[in-house]
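Comments concern the structure below.
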There are 2 protein chains.
Amino acid sequence: MLLYQKIQKYIQTHIANGELAIGDKLPSERALQEHFNSTRITVREALNRLEAEGLIYSQKRRGWFVTPNKLKWRPATKVNFYQLAQEQGFTPNTHVLSIEKQENVSLNQHFSGDTLYKIERVRSLDGRPIMFEQINCDASRFDDLESQPLNGSITTIMTSHYHVDINNEECVISVTVLPDDVAKSLEKNSGAPCLKVIRQRFESSGILIDYNIEYWLHDAIEMIVIGQ
Amino acid sequence: MLLYQKIQKYIQTHIANGELAIGDKLPSERALQEHFNSTRITVREALNRLEAEGLIYSQKRRGWFVTPNKLKWRPATKVNFYQLAQEQGFTPNTHVLSIEKQENVSLNQHFSGDTLYKIERVRSLDGRPIMFEQINCDASRFDDLESQPLNGSITTIMTSHYHVDINNEECVISVTVLPDDVAKSLEKNSGAPCLKVIRQRFESSGILIDYNIEYWLHDAIEMIVIGQ
DNA sequence: CAGTGGTCTAGACCACGAT
DNA sequence: TCGTGGTCTAGACCACTGG
């Protein structure tokens, strides 16, 4: 067995038998290096593989930690983030990074209005930032949106306050890496793998309600999709 | 700018301007190392990041190549792999690794029958293996399945020959790494990131038709999901 | 058989986090 | 300030691929 595999197995075992619990910090890279009479390169090879596997994660310059359970998410249902997270035993939080109006240029293929709202938020579970989202919608349709409580469910605001009826949505899902600015917002190193979701939601008239880009940490989410 | 980022940018640029086209082999790690007066560790840092990004991929001990376009896949529709691939300009292929009957033990929570078929296949686009799947179904429901052409659409066989009506399906999607045996089948290094999809399909009676596990290379697929 | 990627050693310096 | 992870150097040997 290769050395990095031994290190991997060692950590896997300690997690499996509970000596390392969810959220715990792993020994430092140098401590592991000494324990295995090895080098940091090899230790980091093992850590990187465990990270790809989703067993551990790193926060920039703070260290390596045992990954919590994944949030099970059904994108096609209207259950909101707070409810979903709480049902699964997490303490959710949403931090609004920014809301601004901008001219409809880059997204003009999507919206008919000439001014858009752009909202950026970070969502956390038990204090761990796991998702960044950018929400784009028509400013004329959602007049004075900035005065609404934007750290809650935007969907609820849209349906209750603006009387939008969300009829259907389309998600495009791919695996890629966090853009640098998103990585910073999520306290991750640049280049961290993620699940990217582009969501478009429509009214029954066919009009586009919002166009959203979400970046989920790859180890923080499990999507459940029902077809037909 | 960091050295590995310079190397990354160099390769990105060469891909963007077409000097490196889809499927092309990159210069060897040692050639890149010399070109940047650096070391293989740093070169490999850059290559690993480009791989995570999906721009390049490696085949075990053969080298690094420019990633082809992603297959756009709508899991909830019944369009089969061949048709989908051809519509998008790929030449698809399916290789059946094995078909065997086994006792219903590990999956007994899913099927009522006491014997199951287990089929393992690898699917390729333009000669590149991109997906491994294991199909499990009830042997009594699909009598003599091994005499059917298993390198085509199993769905078509089930509907046409066995008169199954597929009513709905549930997919559970997560990001993880290829298990070692799957990595070998796909000519990848162990630890390669992937999209794992567990699909269950049901008849309108609610009976489970098949229980499938799919591993897609993370850079080979883009899923499109329609909700409501 | 030559060249490639896969694994590994034994160090180093720096920026940032915790305290 | 000290310890951490992030980046980087300068090598080495081995297993496998391809010619």
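Each chain gets a letter, A, B and so on, in the order the sequences are listed, and its residues count up from 1.
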If I take atom [atom1] in residue [X] and atom [atom2] in nucleotide [N], what distance separates them, rounded to the nearest angstrom?
{"X": "L2(A)", "N": "dA15(D)", "atom1": "CG", "atom2": "C1'", "value": "11 Å"}
{"X": "K60(A)", "N": "dT4(D)", "atom1": "NZ", "atom2": "C1'", "value": "13 Å"}
{"X": "E34(A)", "N": "dT4(D)", "atom1": "CD", "atom2": "C1'", "value": "14 Å"}

Problem - With Q88(A) via side chain to side chain donor-acceptor pair (under 3.5 Å) - residues at least two apart - result: none
Practice task
Taking side chain to side chain donor-acceptor pair (under 3.5 Å) as the test, write out the residues that go with N189(B), two or more places apart.
Solution key: none
Practice task
Tell me, please, which residues at least two apart from Y10(B) pass ring-ring contact (aromatic ring centres under 6.0 Å, His included).
Solution key: H14(B), H35(B), F36(B)
Practice task
Mind jotting down which residue pairs meet the ring pair (Phe, Tyr, Trp, His ring centres under 6.0 Å) criterion with at least one end in residues 69-100 of chain B? Sequence neighbours excluded, please.
Solution key: W73(B)-W216(B)
Handout entry: Rounded distance [0.5 Å steps], CD in Q12(A) versus CD1 in I56(A)
Key = 9.5 Å
Exercise for the section: Using a strict 4.0 Å threshold on nitrogen-to-oxygen distance, state whether K188(B) and D180(B) make a salt bridge. Expected result: no
Fill in the blank from the handout: First and last nt of DNA chain C near chain B, cut-off under 4.0 Å to heavy atoms, 5' to 3', are dT4(C) to dC8(C)
Handout entry: Pairwise 5' ranking along DNA chain C for R30(A) and S58(B), keeping only the more 5' one
Key = S58(B)
Problem - Exceeds 12 heavy-atom contacts within 6.0 angstrom, atom NZ of K25(B) - result: yes
Problem - Geometric cation-pi criterion, R44(B) with Y4(B): 6.0 Å, 45° - result: no
Practice task
Check every strand shown and say whether R61(B) touches a base, only sugar-phosphate, or nothing at a heavy-atom separation below 4.0 Å.
Solution key: base
Completion exercise
Residues in residues 38-53 of chain A with a heavy atom under 4.0 Å of DNA chain C, by number, are S38(A), T39(A), R40(A), I41(A), T42(A), R49(A)
Practice task
With DNA chain D as reference, determine whether F36(B) or W64(A) sits nearer its 5' end, using the nearest nucleotide of each.
Solution key: W64(A)
